[in-house]
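None of these values were measured; they are calculated from a predicted model.
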There are 2 protein chains.
Amino acid sequence: MELKKSVTIHDIAKALNINSSTVSRALNDNPRVSAKTKKLVHDKAKEMHYQYNSLASNLRTQKSNTIGIIVPHITKHFFSTAISGIEEEAHKAGYNVIICQSKDSEQLEAKNINTLLSSRVDGILISPAIKTTTVQHIQKAMDRNVPIFFFDRYIDEINTTRVITNDRATSKELTLHLLSQNINKLAVLTGDTSVSIYENRVKGIYDAFQQSGWNTESRLILQQIKLDVDDAYTAINKWLDENVEFDAVFGMNDMAAIGSQKALQERGFRIPEDVIVAGFSNEPISKLVSPPITTVHQPAMEIGKLAAKKMINHIEEKDKSLLASETAVLESHLIIRTSSQRNK
Amino acid sequence: MELKKSVTIHDIAKALNINSSTVSRALNDNPRVSAKTKKLVHDKAKEMHYQYNSLASNLRTQKSNTIGIIVPHITKHFFSTAISGIEEEAHKAGYNVIICQSKDSEQLEAKNINTLLSSRVDGILISPAIKTTTVQHIQKAMDRNVPIFFFDRYIDEINTTRVITNDRATSKELTLHLLSQNINKLAVLTGDTSVSIYENRVKGIYDAFQQSGWNTESRLILQQIKLDVDDAYTAINKWLDENVEFDAVFGMNDMAAIGSQKALQERGFRIPEDVIVAGFSNEPISKLVSPPITTVHQPAMEIGKLAAKKMINHIEEKDKSLLASETAVLESHLIIRTSSQRNK
DNA sequence: GTGAAAGCGCTAACAT
DNA sequence: ATGTTAGCGCTTTCAC
């Protein structure tokens with residue numbers, strides 16, 4: 001089987017008896033080429049089934065028009081939505097995206113960064129893994145002058161542009177709502193508090209307690225779990241077995257809230273009459289369980305779009321020295337549903 | 001600001017007073033290079049912060065080690081899981097993936113294919129858009145000798161490798177289960193039946209009716225909707241308003257089933273006592289609503305993995321002429337939950 | 001086991 | 001408005 005070589009600009013040039021540079025310019029719609037020549041070239045290109053070769057262009061221009069994305073899990077709705085936002089903005093601006101999963105492993109994350117660097121991406125958008133004990137791999141990208149921005153999650157020590165939500169404030173707001181529902185003791189299921197987002201959400205809870213003059217010693221219990229349905233289910237059941245008392249549960253994501261609600265309902269507690277429940281992130285599922293769960297809507301799509309826009313601006317900015325790293329905070333907002341509303 | 005040029009194999013060669021081809025061989029672990037030289041090169045590369053340039057290699061070797069993926073919506077759990085499977089296999093074999101969304105638009109799909117072709121991907125895995133009236137854009141990839149395989153959804157006219165599930169058989173099995181639950185009339189909410197998967201699922205329903213000797217005229221109603229929670233909710237309410245009678249609902253995905261269940265419950269019907277409900281795809285949410293919904297588990301991750309494996313095999317196969325297109329059918333299976341189980 | 005040299009397909013100075 | 005030319009960073013054939 002003969003491998004038929006693909007058509008290049010040289011082939012087009014030869015066929016038209018002109019120079020390949022003119023073909024290149026014509027295809028790139030360069031104003032210095034006459035309309036007539038442009039038409040000639042485009043027609044011939046179509047006729048010969050010419051297919052532009054980005055590889056060659058990228059090598060020559062030292063620019064790949066590609067943005068790398070690293071997320072913990074592409075299957076989580078929040079991230080796939082954010083990616084969707086990034087992709088939309090990127091394509092609009094003529095960029096491709098390469099998506100990598102870190103699976104919340106620092107090792108994989110470092111590998112991903114390496115891959116992206118050898119693919120010569122023009123920038124990297126990352127929501128870092130939970131267990132990130134060193135920042136060398138991220139520093140590596142910066143050392144090579146490849147901009148790397150955070151979205152949603154971030155690492156404190158690394159000073160670069162961040163696109164995040166006002167988790168702390170909204171978490172406080174949600175907690176204030178819970179405290180107003182005639183409760184005695186709030187149980188919180190949190191994720192790893194070394195992760196920025198969970199750290200901030202917990203801080204928001206303490207803010208609310210302080211503002212309300214509530215004693216965190218006696219009226220707050222907090223446990224760190226893997227934030228999924230099963231772990232929350234187990235945690236709640238364990239508390240109930242140990243006769244730990246609480247009449248409100250705040251899960252730091254919706255899955256934890258749903259698992260908690262399920263456990264409570266199975267043990268005969270009515271939601272919200274006996275225990276009120278709240279989650280975080282406004283997963284599509286949160287409004288479909290019964291009762292629907294109070295949560296926080298995070299603008300995932302907007303986070304993605306904004307992060308992409310900022311990255312593309314940065315890449316295409318001529319004078320990079322003017323650019324300082326900045327933190328963009330998007331507003332998330334409370335969605336109060338049945339699970340936390342008591343008829344006092 | 002001076003743009004510092006990146007380190008190349010020539011820089012390493014110069015530093016070691018050897019030839020760049022030797023450096024290249026050493027870095028690629030070529031057996032014809034002495035262990036001593038290899039060590040020298042690797043150490044120097046690390047010292048100089050050398051970063052391999054895939055772009056250059058790709059251009060030279062005419063191979064990008066990249067697989068393109070096109071799905072309708074990355075935010076759908078089934079697809080993000082399949083992508084996750086593809087990614088895992090691809091990375092294992094040293095390939096990157098570029099992910100594109102068609103948003104179920106043929107136009108975007110054609111654009112995506114173009115992008116992937118100019119990026120010189122080594123192969124394309126696609127789950128085609130709903131509205132695909134022409135196959136030119138897919139043919140284009142094949143004409144350029146870029147293998148394009150289907151996963152999950154496929155287009156009948158295009159003869160290429162497919163990795164799909166046995167939707168028709170499982171849909172029949174599920175329907176048989178429903179018919180056995182002492183029901184009189186089944187209402188089906190389907191998606192666009194010009195899409196292979198929905199077409200097959202509907203065929204499965206007819207298979208079951210035929211096998212059971214049920215009359216489809218009198219005991220089956222079928223409506224095509226946009227398969228989401230809201231459209232299903234609206235469709236069910238419309239039926240109820242018009243006094244259409246039915247005591248079983250089969251939604252062709254879980255979202256439709258959930259929307260149906262919600263509408264029915266709000267109108268006072270008990271599930272499964274008054275009406276039984278079933279869905280398709282086993283979205284995580286399907287077991288969390290109440291009652292949990294009977295559905296079909298599709299091995300999304302495995303579909304992705306298998307599609308990726310087949311593609312990579314194909315790409316790396318020396319003698320392509322030996323390879324015929326084939327259809328791999330993965331087994332999906334029934335998950336019977338409370339929503340369809342009647343205490344007769 | 002290592003070197004020399006050509007070239008993948010494109011772009012962009014510079015020249016005319 | 002178009003042509004000439006060099007080269008992006010790597011791989012690979014052919015020498016030795």
Hey, which of these two, B:His10 or A:Ser20, hits DNA chain D nearer its 5' end, going by closest nucleotide? A:Ser20
Closest nucleotide of DNA chain D for B:Thr22 versus for B:Leu55: which of these residues is on the 5' side? B:Leu55
Rounded to whole Å, how long is the line connecting atom [atom1] of [X] with atom [atom2] of [N]?
X	N	atom1	atom2	answer
A:Asn17	D:dG3	CG	P	9 Å
A:Asn53	D:dC8	CG	P	18 Å
A:Met48	C:dG9	CE	P	13 Å
A:Leu27	C:dA12	CG	C1'	15 Å
B:Ile18	D:dC16	CD1	C1'	17 Å
B:Lys63	C:dC8	NZ	C1'	15 Å
B:Asn30	D:dT13	CG	P	11 Å
A:Leu59	D:dG9	CG	P	7 Å

Side-chain donor or acceptor of A:Arg25 under 3.5 Å from a matching atom on the base of C:dT11? no
Think [X] has a side-chain N or O under 4.0 angstrom from the OP1 or OP2 of [N]?
X	N	value
B:Asn58	C:dC8	no
A:Ser34	D:dA1	no
A:Gln62	D:dG9	yes
B:Asn28	D:dT11	yes
B:Asn19	C:dT2	no
A:Thr61	C:dT11	no

Of all the choices, [options], which nucleotide is nearest to the side chain of [X] once you look at every atom?
X	options	value
A:Arg60	C:dT2, D:dC8, C:dA6	D:dC8
A:Ser21	D:dC14, D:dG9, D:dT5	D:dT5
B:Tyr52	D:dT11, D:dG9, C:dA15	D:dT11
A:Ser24	D:dG3, D:dT2, C:dT11	C:dT11

Point-to-point distance, once rounded to the nearest 0.5 Å, from OG1 of A:Thr37 to CG of A:Asn30: 11.5 Å
OG-CD1 distance between B:Ser196 and B:Ile130, expressed to the nearest 0.5 angstrom: 10.5 Å
Before accepting this row, confirm whether a basic side-chain N of the pair B:Lys305/B:Glu302 lies closer than 4.0 Å to the acidic partner's carboxylate O. no
Lys/Arg-Asp/Glu bridge criterion (N-O < 4.0 Å) met for A:Lys38, A:Asp43: no
Between A:Ile9 and A:Arg32, which is nearer to the 5' end of DNA chain C once each is assigned its nearest nucleotide? A:Ile9
Donor-acceptor contact below 3.5 Å, side chain A:Asn112 vs main chain A:Gln101: yes
Would you confirm whether B:Glu109, through its side chain, and B:Ala129, through its main-chain N or O, come within 3.5 Å as a donor-acceptor pair? yes
Taking any heavy-atom pair under 4.0 Å as a contact, classify B:Ser54: base, sugar-phosphate, or nothing. nothing
